[in-house]
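Here's the structure, in structure tokens; my notes come after.
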Amino acid sequence: MKPVIIIQGPTAVGKSSLALDIAQKFKLDIISADSRQVYKYMDLATAKPTKEEQALVKHHLIDIINPDETYNAGLFARQASHLVDETDLNFPIICGGTGFYISSFLEGLCKIPEIDDSIRHALIQEWEIKGNEYMYKQVQAIDPIVAEKISANDKQRIIRALEVFYATKKKLSTYWQEQGFMQTRKVLNILILDEREAIYDRINKRYDTMVKSGLLDEIKSLIEMGYNEKSPGLTAVGYKELLPYILHKSDLADCINLAKQHSRNYAKRQLTWYKRNNFNLVFYRKSIKYSSIDNFIKRFIDNY
RNA sequence: GGCGGGAUAGCUCAGUUGGUAGAGCAGAGGCCUGAAAAGCCUUGUGUCCCCAGUUCAAGUCUGGGUCUUGCCA
């Protein structure tokens, strides 16, 4: 397994520009670890690197699926591993805000086969008819270990536990127990942080800029292409809140405020997630010293 | 000017036949094994607009006022 540099941080903290800077200096490739930048035609509110930036540095796992398709942590882990270990890209720098994708790539997920969507759809239908209590009781009967860990309201995890069991005839908790210890990859895992208020402020301003840059037109053209509020891509923060304005003439200012609010909520969850992860380097945005980051990068690359 | 709504947590609002209040969202904290920009958990003392009255007891009834909103003029 080849070594990788990783840059993580809450949304709007400046990960991408740092990654771009480092990648240019050291001739690296960037692998995006972002659950929304994978979507084509969704550029502005995903804060995707611009075409110009992508021309400067080779970016991977951006624009790989259509807005009506789904993506997940397992796919990311597999595709990122393939890129890093089985292709001849430049030394890789993985940069993105989807922490779960990065930990899936680093630590691996348990070995559950791909499960056909039809099983999940059937379970969701059953949920709608029979309700959460009924579905939760199924989990309790099938897999008490998992049931113990999740809430009776946690639709996603209840359905996940059930689909794994019905599709593979094996309990989710059995997969957990079978999961062996993954060999560890050499990583330089960097976290960028900032004051909460500063992050929130930057989120608000950045969203205004996105709207000014033509976000509404971008969404309108997605709708013209046939995508709608049910398309997985359009459930992204920054998009879903503007749909009521475009489709039903809701108040634009309200929609914009809601989008900002959801972005702030998202940043908060990211920050909580990072607390339990280990990093080799933690930088505060204000006090980033590029020269010192460069030294760490140089030493890391030279060692491998 | 006339008639009618409304005034309760930062915001939107519930409050049953009078017994000093509760949801959602926000905020704060946390969780997270293929939906993760998702999903979930914990956390609610506020002159119940003001004044007077009835009552053992009023957010809840009565009178007056203030503000607000809709319709008619």
Please work out if [X] contacts a base, only the sugar-phosphate, or nothing of the nucleic acid, heavy-atom cut-off 4.0 Å.
X: F105(A); result: nothing
X: G97(A); result: sugar-phosphate
X: F76(A); result: nothing
X: T98(A); result: sugar-phosphate
X: Q179(A); result: base
X: A45(A); result: base
X: K275(A); result: sugar-phosphate
X: Y101(A); result: sugar-phosphate
X: T46(A); result: base
X: N265(A); result: sugar-phosphate

Atom-pair distance ([atom1] on [X]; [atom2] on [N]), nearest Å:
X: N132(A); N: G39(B); atom1: CG; atom2: P; answer: 15 Å
X: E148(A); N: C31(B); atom1: CD; atom2: P; answer: 18 Å
X: K149(A); N: C31(B); atom1: NZ; atom2: C1'; answer: 9 Å
X: E229(A); N: A37(B); atom1: CD; atom2: P; answer: 21 Å
X: I159(A); N: A38(B); atom1: CD1; atom2: C1'; answer: 13 Å
X: N204(A); N: A26(B); atom1: CG; atom2: P; answer: 15 Å
X: R160(A); N: G34(B); atom1: CZ; atom2: P; answer: 5 Å
X: W273(A); N: G30(B); atom1: CH2; atom2: C1'; answer: 13 Å

Could you tell me whether the side chain of [X] and the main chain of [Y] form a donor-acceptor pair under 3.5 Å?
X: E163(A); Y: I115(A); answer: no
X: H248(A); Y: I246(A); answer: no
X: D116(A); Y: I119(A); answer: no

Give me the distance, rounded to whole Å, that separates [N] from [M] when you measure between the [atom1] atoms they each carry.
N: G53(B); M: G70(B); atom1: P; value: 35 Å
N: C13(B); M: A7(B); atom1: C1'; value: 12 Å
N: A9(B); M: G2(B); atom1: C1'; value: 36 Å
N: G44(B); M: A21(B); atom1: P; value: 14 Å
N: U55(B); M: G1(B); atom1: C1'; value: 38 Å
N: G59(B); M: G18(B); atom1: P; value: 13 Å
N: U45(B); M: U20(B); atom1: P; value: 15 Å
N: U12(B); M: U69(B); atom1: P; value: 13 Å

Under a 3.5 Å cut-off for both distances, is [N] Watson-Crick or wobble paired, and to whom?
N: U42(B); value: A28(B)
N: A57(B); value: none
N: C71(B); value: G2(B)
N: C13(B); value: G22(B)

Does OP1 or OP2 of [N] have a side-chain N or O of [X] closer than 4.0 Å?
X: Y200(A); N: A28(B); value: yes
X: R36(A); N: A36(B); value: yes
X: R269(A); N: A38(B); value: yes
X: R196(A); N: A28(B); value: yes

*Nearest-nucleotide wise, let me know which of Y39(A) and W176(A) is further upstream toward the 5' end of RNA chain B.*
W176(A)
*Select from D154(A) and P113(A) the residue whose nearest nucleotide in RNA chain B is closer to the 5' end of that strand.*
P113(A)
*Taking all non-hydrogen atoms of both residues, which atom of P92(A) and which atom of I31(A) are closest, and how far apart?*
CB-CD1, 4.1 Å
*Check: T98(A)/R36(A) side-chain N/O donor and acceptor closer than 3.5 Å*: no
_Any side-chain donor near an acceptor of the partner, K205(A) and T209(A), under 3.5 Å_ = no
*What about F300(A) and Y304(A), are their ring centers closer than 6.0 Å?*
yes
Of the listed nucleotides ([options]), which one gets closest to any side-chain atom of [X]?
X: C110(A); options: G34(B), G39(B), C41(B); answer: G34(B)
X: Q261(A); options: A37(B), G34(B), C25(B); answer: C25(B)
X: R157(A); options: G30(B), A36(B), G34(B); answer: A36(B)
X: Q156(A); options: C40(B), A38(B), C31(B); answer: A38(B)
X: S35(A); options: C40(B), A35(B), A36(B); answer: A36(B)
X: L109(A); options: C40(B), A37(B), U33(B); answer: U33(B)
X: F100(A); options: U33(B), C31(B), A37(B); answer: U33(B)
X: R120(A); options: A38(B), A35(B), C32(B); answer: A35(B)

*asked:* Whether the side chain of E107(A) and the base of U33(B) hold a donor-acceptor pair under 3.5 Å is what I'd like checked.
replied: no
*Salt bridge check: are D68(A) and K230(A) linked by an N-O gap of less than 4.0 Å?*
no
*Charged N to carboxylate O under 4.0 angstrom, D302(A) versus K298(A)?*
yes
_As a test of the definition: with a 90° window around 0 for syn, would you call G34(B) syn or anti?_
syn
